[in-house]
Every structure is written in structure tokens, then in C-alpha cells.
There are 2 protein chains.
Amino acid sequence: MRLIVARCEVRYSGRLDALLPEALRLLMIKSDGSVMVHADTGGYKPQNWMTPPTVIEYEGDPLSHMVVRKRAGATEDRLDIAITEVVSDVTHDMGEAAALEKDGVEAHLQELLAEQPHWCGEGFRLVRREWPTDIGPVDLMCRDDQDGWVAVEIKRVATIDAVEQLSRYLDRIREDPAMAEIQGVLAAQQIKPQARVLAESRGMRCVEVDLAVLRGEREPDLTLFLV
Amino acid sequence: MRLIVARCEVRYSGRLDALLPEALRLLMIKSDGSVMVHADTGGYKPQNWMTPPTVIEYEGDPLSHMVVRKRAGATEDRLDIAITEVVSDVTHDMGEAAALEKDGVEAHLQELLAEQPHWCGEGFRLVRREWPTDIGPVDLMCRDDQDGWVAVEIKRVATIDAVEQLSRYLDRIREDPAMAEIQGVLAAQQIKPQARVLAESRGMRCVEVDLAVLRGEREPDLTLFLV
DNA sequence: ACTTAGATTTCGCCG
DNA sequence: CGGCGAAGTCTAAGT
């Protein structure tokens, strides 16, 4: 990884055009070809960047110009960095950094609910995960205690978009007379109030699930019933 | 901006839990409180990070531990960085970097189409931009050559979400008997096939527009008709 | 404070 | 390789 602190002006042209006036910034060049231009403020995002695969040209000694290019379909993405002063320029060999282990994302939620579909509704049995339709897969297809079909849409955070998505699936599936009575359930760690209102106005049920409970690390919160 | 190259193990807990095993990485701490953990590969994204506002604690000399914390409602987001070796540790005062000037984002597309609404449909005249409804503003409200109302939704890239959004606007506006016949147009630099199918199945028209043509930098591509 | 919508979204999966 | 959905999305703007 090469870290250059330099006074520079940056031009990007590609999907849009952008100009960064001259200022002191960090140029970060990873060994995979990623290039990022960071200011000392502005949070998480670089002011400018290019993702691999790239071709990087360096000009001048001391460094006075960098061009980063990328073939993006018909057009070319291009980052022009004009350098007027190099404050620091160091390279570090970092080897391979081990990958990230995540826990708590939607796929994990789907796994747990597939194993314990009763959290989505009483008596629910799983028919299959990723039930295919021609507009995309339904997260969980179940049967309820009356043997009726139920499509379950799973989100970490459910917004209006999730309700629209489930609506589309239900509309499509109901075109099949054999499944015209299918019901919809929206299951999420968090359901936004507006999403809940829209979902219930469309006859879908909403279920907020607790990751710790699904994992069996914690008993369901019964305090409300113990008063 | 402080740049630390160090062998470290990183734990994140908050919206999810994640662990980065010990490896050599770059720790980037901006003066606004942003903290990023970058590997030498993996492109644009940090392996781990925290956005401002944060509280950062440094322990040990040489640095052996960092804790980055953030109040996020009821819970706390937390980044624990255990450092076993500091390879480099430098701080640069960068001052204020001027902001980015962009050209070509959706707002510009809306501006250009507002000036030249005929690209959305023959004989279209603009009534107003950002026409208010109680579920959000319609990008462009126009009248067509028959004097009929037309709501135009503008995207840089139009996906199914854009169709849903326009559908919601049309449904709402049609509740007013005076506008029950309003038509919908989806205008975008790029329209995804499934979005096009859904839009047309709902009676909306789709228009792909070319930024260069809108700007008058290039004539409409007529080669198809010249064969 | 919360919600909505855009982003050079990026990223990953699956066809 | 293209399309589609998720993301610790992030971020800015409006209410």
C-alpha cells in the first residue's frame, strides 16, 4: 500500500464529471489497484476514488502527476491527479489481511427463521427457502396451521420498499388460482412504523424478531404478560 | 489526519458483530472523528470503520489498544483495536479541503429536462418542477399535446423502485377526479429491462435520455434511421 | 429526531 | 457478463 500526502487537484470523468480544487489530501493506492483520495474531513467516503481493475500511470520525480484509468464498458473512467507538492510518500508491504467474519446480516436471519418458522406465525412449516417466481425469489414459502400458503419476506430493517416487494410477489403468485389465497408475512428485526401501517393496510402480518431469541441465547421477553 | 500502520486485531459490535483476525493494516483517523481500518486489498471499502460522531481512546505507549465508541440510540457501537506492533504512526495537518464539484447527477438531469420537456414526450410543456403531493414531490408535472396531465419521474438509473415510486404518485394524484386521467412517464439515462417491463405493464411510458444531447453537445443519434 | 431518496453507491450472488 | 437485491450501506435534505 502506497500512502502519499500531497497538495493536489483531482479531476474525475466517467459516469459524471467532478473537480476537486487544489488542497492537501491523502492519496491511498492499494496493491489491488484501488485508488482513493481522502480529505481530513468528510467521514467514511473518499472525495474521489476508482475501484479495480485500474491502470495507474505515475509521472515526474518528484511525483507531479497521476492518471488512473479504467475500462467501463463503452466509455472510460479517468482520474487525473495534478500534484504540486509531495509532503510524504511511503509504501508498506502488508501481505494478505485475513477476511472479515460477519454475524447478524439478513442471510443469517433467513437461516434461523427457516429452522424455526413458527416465529413467523403459529404452526408455520417451511416449504422451501428462496421460492422462485419470475420476478425474484420469495425468502421463505410456508404453510400455516390451516395448511394455507404463506410468503415470508425477511429484512433486517423493513421499510416501505419491503412491503412493495412482498406485494409484488403476492400479486404475481395469486395469478395462479391454486395459490390465490396466499397470505403475506413481513418478518424483520425492526419494522418502520410507516411500513407497518402500509403492510397491515394490505392485509399482511408483521413480525418483529429478536436475533438473540432465535439463537436461543435469550428467552422470549415475557415481562409484558407477567404484570 | 493520523495514519497508523500496525499489526492489529479488530472487533466491531453494534448493528452486527464482526471480527478481523490479526494482520497488518492501515488505521486512518480523520480530524472529524472518522476511523477506518483498511487492508491492502478489498477495494473501496474499509474492512471496518466508524462514522462521526465518535469518542476515541488511545491506550499504551507504544500504542497497544484503541477503542472507538459511538452512541447510536439505545445501543452503543464499538470498535476495539488490539495492536501488537506499530510499524508507522504519523500525523498530518491538512487544513480544510475544498468541497467536490459534481456535474451529471440526477438533479442536473431534472434541470435539463425541465428546460426541454419535449424530450419526455412530444408537445410536453412544464407546469412545475417538484410538484407536491402528500407522499412526496413529483419530479416534473407536465401537460401533453392533448393538454392532459403527465407526471414525470426522473432517475439516472431507473430500477423497479422507480416504477413503484411513480405508481404511488399516480395512485395518489388520481384520487383527485380532476386528474384521474393523469399519465406517467419514466425518464432516465438508463432503464433496467425489468423496470421497463413493469412500467409498461402499468401503462407508463419509458424514455431513455442522453445527457450530452440534453446539453446540446451532441445531436440525437439518427444513424439507425439513415441505413 | 426521524424519514425519504440519491449515490461515480459498492458488493455479492446467480443466471 | 448483466441483472438484481442487500448493505453496519453513507449522506444530504426535508419535516
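Source: prediction; values computed, not measured. Every chain is numbered from 1, with letters handed out A, B, ... down the list of sequences. Hydrogens, waters and symmetry mates are skipped; everything else that's a heavy atom, side chains included, is used.
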More than 12 heavy atoms of other groups within 6.0 Å of A/Asp171 CG =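 Yes, the 6.0 Å shell around CG holds more than 12 heavy atoms from other groups.
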Distance (rounded to the nearest 0.5 Å) between A/Leu170 CG and A/Trp149 CH2 =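 Interatomic distance, A/Leu170 CG to A/Trp149 CH2, rounded to 0.5 Å: 13.5 Å.
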Between atom CZ of A/Arg128 and atom CG of A/Leu140, what is the distance when rounded to the nearest 0.5 Å?
->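 If we round to the nearest 0.5 Å, A/Arg128:CZ and A/Leu140:CG are 11.5 Å apart.
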Can you give the donor-acceptor pairs under 3.5 Å from side chains of residues 9-19 of chain A to other protein atoms, not counting sequence neighbours?
unit_1: A/Tyr12; atom_1: OH; unit_2: A/Arg15; atom_2: N; d: 3.1
unit_1: A/Tyr12; atom_1: OH; unit_2: A/Asp77; atom_2: OD2; d: 2.9

When you check the phosphate oxygens OP1 and OP2 of D/dC1, does a side-chain N or O of A/Arg71 lie under 4.0 Å from one of them?
->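 For D/dC1, OP1/OP2 do not have a side-chain N/O of A/Arg71 under 4.0 Å.
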Taking only side-chain nitrogens and oxygens of B/Arg15, does any of them come within less than 4.0 Å of OP1 or OP2 of D/dC10?
->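 Indeed, a polar side-chain atom of B/Arg15 lies that close.
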Report each atom pair, protein N/O against N/O of nucleotides 3-7 of chain C, whose distance is under 3.5 angstrom.
unit_1: C/dT3; atom_1: OP2; unit_2: A/Lys192; atom_2: NZ; d: 3.3
unit_1: C/dT4; atom_1: OP1; unit_2: A/Gln194; atom_2: OE1; d: 2.2
unit_1: C/dG6; atom_1: OP1; unit_2: B/Glu106; atom_2: OE1; d: 3.4
unit_1: C/dG6; atom_1: OP1; unit_2: B/Glu106; atom_2: OE2; d: 3.3
unit_1: C/dG6; atom_1: OP1; unit_2: B/Lys155; atom_2: NZ; d: 2.4
unit_1: C/dG6; atom_1: OP2; unit_2: B/Lys155; atom_2: NZ; d: 2.7
unit_1: C/dA7; atom_1: OP1; unit_2: B/Glu106; atom_2: N; d: 3.0

Taking the P atom of each, how far is D/dT11 from C/dC11, in whole Å?
->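 The answer is 15 Å between these two P atoms.
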Separation of the P atoms in C/dT4 and C/dT8, to the nearest angstrom |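 Taking atom P in both C/dT4 and C/dT8, they lie 22 Å apart.
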Is the ring of A/Tyr12 stacked on the base of C/dT8, with centres less than 5.5 Å apart and planes under 30° off?
->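 Given the distance and angle limits, yes, they stack.
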Taking only N/O atoms, report every protein-nucleotides 12-15 of chain D pair under 3.5 Å with atom names and distance.
none

Donor-acceptor contact below 3.5 Å, side chain [X] vs main chain [Y]:
{"X": "A/Gln116", "Y": "A/Leu214", "answer": "yes"}
{"X": "B/Thr54", "Y": "B/Ile56", "answer": "no"}
{"X": "B/Lys192", "Y": "B/Val157", "answer": "no"}

Would you give me the side-chain donor-acceptor pairs under 3.5 Å for residues 196-213 of chain B, sequence neighbours excluded?
unit_1: B/Ser201; atom_1: OG; unit_2: B/Leu198; atom_2: O; d: 2.7
unit_1: B/Arg202; atom_1: NH1; unit_2: B/Glu164; atom_2: OE1; d: 3.1
unit_1: B/Arg202; atom_1: NH1; unit_2: B/Ser167; atom_2: OG; d: 2.7
unit_1: B/Glu208; atom_1: OE2; unit_2: B/Ile191; atom_2: N; d: 2.9
unit_1: B/Asp210; atom_1: OD1; unit_2: B/Ala212; atom_2: N; d: 2.8
unit_1: B/Asp210; atom_1: OD1; unit_2: B/Val213; atom_2: N; d: 3.3
unit_1: B/Asp210; atom_1: OD2; unit_2: B/Arg218; atom_2: NH2; d: 2.4

With DNA chain D as reference, determine whether B/Ala195 or A/Tyr44 sits nearer its 5' end, using the nearest nucleotide of each.
->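 Its nearest nucleotide lies further toward 5', so the answer is B/Ala195.
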Just one of B/Gln190, B/Gln165, B/Gln110 clears the side chain to side chain donor-acceptor pair (under 3.5 Å) bar with B/Lys155, so which one?
->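 For B/Lys155, the side chain to side chain donor-acceptor pair (under 3.5 Å) test succeeds with only one of B/Gln190, B/Gln165, B/Gln110, which is B/Gln165.
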Watson-Crick or G-U pairs under 3.5 Å in DNA chain D, rendered as dot-bracket with [ ] for crossing pairs and | for another strand | |||||||.|||||||
Taking salt bridge (Lys or Arg N to Asp or Glu O under 4.0 Å) as the test, write out the residues that go with B/Glu96, two or more places apart.
->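 Here no residue qualifies.
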